[in-house]
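All remarks here apply to the structure that follows.
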Amino acid sequence: MKVVRSKEFKAERAWGTTDIANMNGITTRLHWTDQPYKWHVNDGEEVFVVLDGQVDMLYRLNGEEESVLLNAGDIFFASIGTEHVAHPRGEVRILVVESEGSV
């Protein structure tokens with residue numbers, strides 16, 4: 001049993017995490033950041049949930065760069081092969097569910 005107070009979590013560095021669960025190779029992690037990530041493609045699918053703050057999610061679809069503003073409560077699903085990068089607007093807390101060891 002575990003209770004996580006996500007709004008109280010702050011990492012020592014951008015994209016720092018606290019592990020919540022690993023269920024048969026699927027990890028659930030809480031991230032804190034105030035800096036953009038890097039363009040990447042995950043090894044598998046990814047569920048990206050904004051818990052606190054706002055994130056500009058940039059992604060490439062058919063070679064074209066698109067973006068969407070994610071607010072607290074919004075969910076971004078990156079299917080296999082979706083190139084994307086998250087740009088927070090200030091401090092954010094994000095729940096990420098993905099395959100263990102994924103980029």
| query | Is there a side-chain contact between Leu51 and Trp32 (heavy atoms, below 4.5 Å)? | reply | no
| Taking Thr27 for the side chain and Glu98 for the main chain, is one N or O donor matched with an acceptor at less than 3.5 Å? | yes
| remark: Contacts of Glu91 meeting salt bridge (charged side-chain N to carboxylate O under 4.0 Å, His left out) (sequence neighbours excluded), chain-then-number -> Lys10, Arg93
| field | Minimum-distance pair of heavy atoms, taken over all atoms of Glu66 and Leu61 | value | CG-CB, 4.3 Å
| said: Is it the case that the side chain of His84 and the backbone of Arg60 share a donor-acceptor pair, with hydrogens and angles ignored and the cut-off at 3.5 Å? | reply: no
| request: Consider only side-chain heavy atoms of I, L, V, M, F, W and Y, link residues closer than 4.5 Å, and tell whether Val47 and Val55 are in one cluster. | output: no
| said: Which heavy atom of Glu45 sits nearest to which heavy atom of Ser79, and what is that distance? | reply: CG-CA, 4.3 Å
| task | Measure the spacing between NZ of Lys2 and CD1 of Ile20 and express it to the nearest 0.5 Å. | result | 6.5 Å
| request: Search all heavy atoms of Val97 against all heavy atoms of Thr28 and return the closest pair with its distance. | output: CG2-OG1, 3.9 Å
| message | Could you measure the distance from the CG atom of Asn24 to the CD atom of Glu100? Nearest 0.5 Å is fine. | response | 10.5 Å
| query | Any donor and acceptor pair, going by atom type alone, linking the side chain of Thr33 with main-chain N or O of Gln35 inside 3.5 Å? | reply | yes
| task | Check the angle between the aromatic planes of Phe48 and Phe76 and answer parallel, tilted or perpendicular using the 30° and 60° thresholds. | result | perpendicular
| So do the side chains of Trp39 and Glu65 get within less than 4.5 Å of each other, counting heavy atoms only? | yes
| query | Thr82 versus Phe77: any side-chain heavy-atom pair under 4.5 Å? | reply | no
| task | Say whether Ile94 and Val4 are linked into one hydrophobic cluster, either directly or through other cluster members, by side-chain heavy-atom distances under 4.5 angstrom. | result | no
| message | If hydrophobic clusters are built by linking Ile, Leu, Val, Met, Phe, Trp and Tyr wherever their side-chain heavy atoms come under 4.5 Å apart, do Val68 and Val96 end up in the same one? | response | yes
| With sequence neighbours left out, what residues match Ser67 under side-chain contact (heavy atoms from CB on, under 4.5 Å)? | Leu58
| query | Taking all non-hydrogen atoms of both residues, which atom of Thr17 and which atom of Phe9 are closest, and how far apart? | reply | C-CZ, 3.6 Å
| note | Correct closest heavy-atom pair for Asp34 and Pro88 would be C-CG, 3.7 Å
| field | Leu95 CG to His31 NE2 distance, which is reported to the nearest 0.5 Å | value | 8.5 Å
| message | Please give me the minimum heavy-atom distance between Asp56 and Arg89, naming the atom from each residue. | response | OD2-NE, 2.9 Å
